[in-house]
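Note that ligands are numbered from 1 as they come in the structure, with each ligand's atoms numbered from 1 the same way. Numbers here are sequence positions counted from 1. It should be emphasised that the depicted structure is a prediction, and the values quoted were computed from it without experimental measurement.
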Amino acid sequence: MKIEEAKKFHKIDTVVIGAGLAGLGAALEIAKGGGEVAVLTKVYPTRSHSGSAQGGIAASLANVAEDSEEMHMFDTIKGSDYLGDQDVIELFVAEAKKTVYWFEHMGVPFSRTEDGRINQRAFGGHSSPRACFSADITGHVLLHTLYEQCLKHNVHFFNEFQVFSLLIEDDISRGVVAWDIRNGGLHIFHSKALLLATGGYGRAFKITSNAFANTGDSLSLILENGLPLEDMEFVQFHPTGLYKHGILLSEAARGEGAYLTNDKGERFMEKYAPQKMELAPRDVISRAEQTEINEGRGIAGKAYVHLDMRHLGKEKIMERLPQVWELAFNYLEVDGTKAPIPIQPAAHYSMGGIPANIKTEVIKDAAGTVVTGLYAAGEAACLSLHGANRLGTNSVQGAATFGRISGTNILEFIKTVNYPKMVANPLERAQRKIDSFMTNKGKEKHALIREELQENMTGHVGVFRNETDMLKLKKIIKDLLERFKEVSIDDKGSAFNLDLLEAFEVGSLLNFSEVIVEGALARKESRGAHYRTDFPKRDDKKWLKHTLAWKTDKGVKLDFSRNVTIYMDRYPPLERKY
Ligand SMILES: Cc1cc2nc3c(=O)[nH]c(=O)nc-3n(C[C@H](O)[C@H](O)[C@H](O)COP(=O)(O)OP(=O)(O)OC[C@H]3O[C@@H](n4cnc5c(N)ncnc54)[C@H](O)[C@@H]3O)c2cc1C
């Protein structure tokens, strides 16, 4: 295929990459404000991973029990193990309530209390029932409603377009190049503002709750452009992934009262978090489960424990947790009303990502220097709202709220600037990637490289980490990166060339995985989701810092000079106990 044949050119004020809650939230605000905006997404919008969020969206509405922004803020800070930036959290808890009403006014069918208010359920690490929900399909209804509103307000959609390169020069974003999945061919998008809202990237791990599309493409593109990633070592493992599959059984099950039990039938959380029990935060429970499994108290000595919801009764299970029941039944043939369900920790959420400030502008160094016209929001971004560990239902909320905020800021920005000059050879980098896969005669297959990466990431940088394992993993990834250069693909066609798309995605996984490992190796402490058996204590003196990581010719370069924003008079770091 010749570049000329495929070349298509689009000039649009704002381009948003990603049609999850963050991307659509921003696009809607821009369109409603009269701005011109296009959304590019590699999967059909309503198939974005946001749609699989089950449990809920956090806001201190206080509809069923006492609650306040102050309480939500403290819970989030404590949950973050004090690595969350407190100015960001303060803005978040205030805007969270507005976001819920924003959704309600769009027509989202929230589950209701007897007297008609939005119902709220308990979730791990939250001191009050704060999760607004729609049975256990919350993300689904939020995403579909938002998509409808975007269509209504004339947001342009480029569905099934996969971004292959970012056009950044002299710290100014100028647009992107994307591959048209359906027809083949590269398109250039020239824009004043670009929002990266490409979601999570749990697919670097073997056991994960994340969708196939969650491969962190934009993170890899950021690295490729000489920009850093932040706090990548903090990966959340969710306690209730379906055994062997990793498919998520929502925390809503425990929110509604389900138990966790080991081979002896004990509710083992009594030993680890006697007060919060099954509603302790995820990092604490995942470690408890892994300890039970490692010490031989997994069910029948195997690598899983039980989620038991039988005592909730069939009626409640079917009304509040129909999807949890269905997933266990469809994938493991376990009827959750009659038998406990096999579960294990699964890579679930990525706290780190593309560094951005409170206005969602992407920054390029510890001093906070902004890359002009480049924004990031949602799970791909690190603002840092969740610090070292995210609380359940704060993520859907974080994506929607900071998507919305991003939209408002972008709308202001595009009014004040002209189009930046296009780079000299916009297609060059993307074309080079395609050519290398298409013409390479190498024998390596991307699927095998991906499997090796996933297996080793789960094995060596999982719930528990130590230096020996991670040094091994560092070498493995180095080898995989070398082998990746020899990847060739069999499909040489244009339309729906999944071989090409997946090869590109495996490259993304390898690039940012290296950064996860280097960050985890360097951070010699345990904080939130990052737990080192060789450094089991949190060390605020040395490590109450964000990690910034760049990829250079000499390997990964780390910088720990970015401070955490802490209100010392209000929320000084305390020991984290549940
Ligand atoms: C199973 C599951 C259940 C969850 N439940 C909850 C919950 O109950 N509550 C909660 O708060 N959080 C939950 N989370 C987390 C939460 O859903 C996500 O963090 C959040 O929805 C992410 O939204 P997003 O807009 O950032 O990205 P996503 O919704 O993941 O969207 C990413 C978008 O980026 C696009 N994209 C990616 N790469 C490219 C590319 N190269 N080119 C073009 N487009 C690209 C995709 O097509 C997609 O449209 C859950 C997560 C999972 C996996």
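- Seen from the ring of Y578, K78 counts as a face-on cation partner, given the 6.0 Å and 45° thresholds.
- Protein residues having at least one heavy atom under 4.0 Å from any atom of ligand 1 are I17, G18, A19, G20, L21, A22, L40, T41, K42, V43, S48, H49, S50, S52, A53, Q54, G55, G56, F161, Q162, V163, A197, T198, G199, S209, N210, D217, L248, H348, Y349, G378, E379, R390, T393, N394, S395, V396, A399, listed by chain and number.
- In the model, S209 has a side-chain atom that pairs as donor or acceptor with a side-chain atom of H348 under 3.5 Å.
- Side-chain polar atoms of R404 and T99 form a donor-acceptor pair below 3.5 angstrom.
- Residues passing the side chain to side chain contact (heavy atoms under 4.5 Å, CB included) test with L279, sequence neighbours excluded: A122, R254.
- Here K551 does not pair with E224 in a salt bridge; the nearest charged N to carboxylate O distance is not below 4.0 Å.
- For the pair R130 and F123, the NZ or CZ position fails the cation-pi test of under 6.0 Å to the six-membered ring centre and within 45 degrees of the ring normal.
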